[in-house]
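Step one of this worksheet: look at the structure below.
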Amino acid sequence: MVRVRFAPSPTGYFHVGSARTALFNWLFARHYHGTFILRIEDTDRERSTDESIDQIIESMTWLGLDWDERYRQTDLTPDHLQAAEQLMENGQAYELDGAWWFKVPADGETVVHDSVMGDVTFRHEEFKDFVIRRSDETFVYNFVVVVDDSNMKVTHVIRGDDHLINTPKQVLLYQALERPLPQFAHLPLILGEDRARLSKRHGASSVLEYRQMGFVPEGLINFLARLGWSHGDDELFDRDELIRLFTLEEINRSAAVFNHEKLYWTNQQHMKRLDLEGLAGLVRPFAVAEQSATAEQWDAIDRDRLHLGVDLLRDRSKTLVDLAKVLEILFAATLEPEEPIVLEDRQRVLVAAVADALAEANACEFTPDAVHDIVQSVLAANDAKLKEIAKAVRLCITGRKVGPGLFEIMSAAGQDLSVGRLRALVR
RNA sequence: GUCCCCAUCAUCUAGCGGCCUAGGAUACCGGGUUUUCAUCCCGGCGGCAGGGGUUCAAAUCCCCUUGGGGACGCCA
């Protein structure tokens, strides 16, 4: 039975590197129908905060990485003490300056068998004895992680590359404690554009910031999964595919640079694939925040119109924020055109005629096809081409120079808004 | 500095000795479609860090160099 854990320390914001580690553990657990444990490593009393814990929970919940068991490391202190005392009694640890030190064998070497990195050999002479219990009687990471993983029957330790060097010390501890070794798998780190370890300096790096920027969970997850993991030439995966295909064998050994352009593209692809109802639900808070609509307006709008608008506009949006902004087209009483609309007399006549014809349409059948037929018949009657008024009408209806097809967007904006905007233009 | 890891287009990657005059994706540049833009489709640009081996054959295996990253706490 597979048991894995994700063990973040609540000492700051929850960044995407941690999210990737959490994701890989979660995918591994779900792939093998195992158990995914969330263990908050808060043994650093100085720096651990409840706000950080909240952020971890909120980030993982948003990403959809659900856990089966949850622990807080400081609750496990009795277990740590028991294990430490065992080492003291065995003579494998000793006290010095009020702290308890683990005795590292002077000779020999320890080989870590890593699923990703292969066999890595460390000579014992390279590290000296290390503290397992501080003089304030709290326990140190390298020690508690072993005790906890062992007690929790963790079968696979999947974590960042930066822990590889700690691993031989932990292996020694497992042996001293006479506990079975888990299988280790160390993930390559994620780098910033400057090839340094990803951090705040590289701009947005916390999961919640990406949520705020309008990325959808499926998009971020897909992008993160492709950083260090691959499945042939495939690029796009939904959650279930990831679970089905994920294995440790496909993990890369080299660090990957976090590439924002590709994140945006991946996100757009997922926005294109989401069902309209779901996508509409995701944009709602952004639309309200961007003041494209009030919550009341949003909830009151005809669903078909909303879905049509979302569908038309999502191909032009990389994020939910982009989408939310242009969605004002469906709600705003007045739209400020991004450039002045200049109408010649003939155009004015045509637009007025179109507005009148649209006003007479059956409100229940203001579909793209119906709008198309109405507009085209008006144009035909006046021996005109759509091209003559297209730019002006688009600016008038959407406030923008570019956008979806006129008939569709007018249908999405609805009869009242469309007619109103056209009449305001020719008045 | 010491130890450890890594090394294919700008970036993410496929490749696990012959299928590779190295494939896909992003970005970029053209073209097509369209009422405009986007989407979409087609095409282009662009890489095995360098040097030694091993082998009939190396992007793939070994060594060295170089480059990048990580760890060297009574942090996690």
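Each chain gets a letter, A, B and so on, in the order its sequence line appears, and its residues count up from 1.
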Any strand counts, and the cut-off is 3.5 Å on both contacts for Watson-Crick or G-U wobble. Which nucleotide pairs with B/A7? B/U66

Checking all strands, does A/Ser135 fall into the base, sugar-phosphate, or nothing category for heavy-atom contacts under 4.0 angstrom? base

B/A27 to B/A38 separation - P atoms, rounded to the nearest Å: 12 Å

Which part of the nucleic acid does A/Leu189 contact within heavy-atom distance under 4.0 Å: base, sugar-phosphate only, or nothing? sugar-phosphate

Ranking A/Asp194 and A/Gln268 by the position along RNA chain B of their nearest nucleotide, the one closer to 5' is A/Gln268

What's A/Asp234 touching, base or sugar-phosphate or nothing? Going by heavy atoms closer than 4.0 Å. nothing

Taking any atom closer than 4.0 angstrom to a non-hydrogen atom of chain A, what span of RNA chain B does the protein reach, first nucleotide to last? B/C3 to B/A76

Does anything in residues 6-27 of chain A reach RNA chain B, meaning a heavy atom under 4.0 Å, and if so which residues? A/Ser9

Test: side chain to side chain donor-acceptor pair (under 3.5 Å). Region: residues 339-359 of chain A. Which pairs qualify, not counting sequence neighbours? A/Glu339-A/Lys391, A/Arg346-A/Glu388, A/Asp356-A/Arg423

Using a heavy-atom cut-off of under 4.0 Å over every strand shown, decide if A/His163 touches base, sugar-phosphate, or nothing. base

Please report the distance separating the C1' of B/U55 from the corresponding atom of B/C12, rounded so that it comes out in whole Å. 33 Å

Presence of salt bridge, A/Asp50 and A/Arg72, under 4.0 angstrom: yes

Please work out if A/Leu386 contacts a base, only the sugar-phosphate, or nothing of the nucleic acid, heavy-atom cut-off 4.0 Å. base

For A/Glu126 and for A/Gly232, find the nucleotide of RNA chain B with the closest heavy atom, then tell me which residue's nucleotide is more 5'. A/Glu126

Say you pick atom P in B/A58 and the same atom in B/G18; how far apart are they, in whole Å? 11 Å

Regarding A/Asp136, tell me which of base, sugar-phosphate or nothing describes its non-hydrogen contacts under 4.0 Å with the strands shown. nothing

Could you let me know what B/U60 is paired to, Watson-Crick or G-U wobble, both distances under 3.5 Å, or none if it's on its own? none

Using a 4.0 Å heavy-atom cut-off, does A/Arg226 contact any base of the nucleic acid, only the sugar-phosphate backbone, or nothing at all? base

Scan A/Gly405 against the nucleic acid and name what it touches under 4.0 Å (heavy atoms): base, sugar-phosphate only, or nothing. base

Would you call the rings of A/Tyr13 and A/His15 parallel, tilted or perpendicular, where under 30° means parallel and over 60° means perpendicular? tilted

Mind checking if A/Arg197 touches a base, just sugar-phosphate, or nothing, with heavy atoms under 4.0 Å? sugar-phosphate

Distance check, C1' atoms only: B/C61 and B/C42, in whole angstrom units. 40 Å

Touch check for A/Gln269, heavy atoms < 4.0 angstrom, all strands: base, sugar-phosphate only, or nothing? sugar-phosphate

Give, for atom CG of A/Leu358 and atom CG of A/Asp416, the distance between the pair rounded to the nearest 0.5 Å. 11.5 Å

Would you please test A/His186 and A/Arg159 for side-chain contact (heavy atoms from CB on, under 4.5 Å) and show each step? CA-CA 5 Å; A/His186 286 90; A/Arg159 76 229 304 191; 3.0 Å; yes

Which part of the nucleic acid does A/Lys272 contact within heavy-atom distance under 4.0 Å: base, sugar-phosphate only, or nothing? sugar-phosphate

Should A/Ile329 and A/Arg421 be marked as a side-chain contact (heavy atoms from CB on, under 4.5 Å) after you check the CA-CA gap, both sets of side-chain angles, and the distance that decides it? CA-CA 11 Å; A/Ile329 294 168; A/Arg421 286 173 192 162; 4.0 Å; yes

Any base atoms under 4.0 Å from A/Glu41, or only sugar-phosphate, or nothing? Heavy atoms, all strands. sugar-phosphate

Base, sugar-phosphate, or nothing for A/Phe122, non-hydrogen atoms under 4.0 angstrom? sugar-phosphate

Only pairs with both distances under 3.5 Å count, Watson-Crick or wobble alike; so what is the partner of B/U2 in this structure? B/A71

For atom C1', what is the distance between B/U26 and B/C45, given to the nearest Å? 14 Å

Option from A/Asp148, A/Asp149, A/Thr155 for which side-chain hydrogen bond (donor to acceptor under 3.5 Å, both in side chains) with A/Arg5 holds: A/Asp149

Take atom P in B/C62 and the same atom in B/A22, then report the distance between them in whole Å. 24 Å

Suppose you measure atom C1' in B/G70 against the same atom in B/A10; what distance do you get, rounded to whole Å? 24 Å

Flag, side chain of A/Ser52 to backbone of A/Ser48, donor-acceptor distance under 3.5 Å: no

Please evaluate residues A/Phe407 and A/Val375 with respect to the criterion side-chain contact (heavy atoms from CB on, under 4.5 Å), reporting the C-alpha separation (whole Å), side-chain torsions for both, the decisive distance (0.1 Å), and the verdict. CA-CA 8 Å; A/Phe407 312 129; A/Val375 174; 3.8 Å; yes

Base, sugar-phosphate, or nothing: which does A/Gly403 touch, judged by heavy atoms less than 4.0 Å apart? base

Apply the test side-chain contact (heavy atoms from CB on, under 4.5 Å) to residues A/Asp238 and A/Ile221: give CA-CA distance (whole Å), side-chain angles for both, the deciding distance (0.1 Å), then the verdict. CA-CA 9 Å; A/Asp238 63 30; A/Ile221 278 180; over 6 Å; no

A/Gln92 side chain to A/Lys103 main-chain N or O, any donor-acceptor pair under 3.5 Å? no

Please give the distance between the P atoms of B/U21 and B/A57 as a whole number of Å. 16 Å

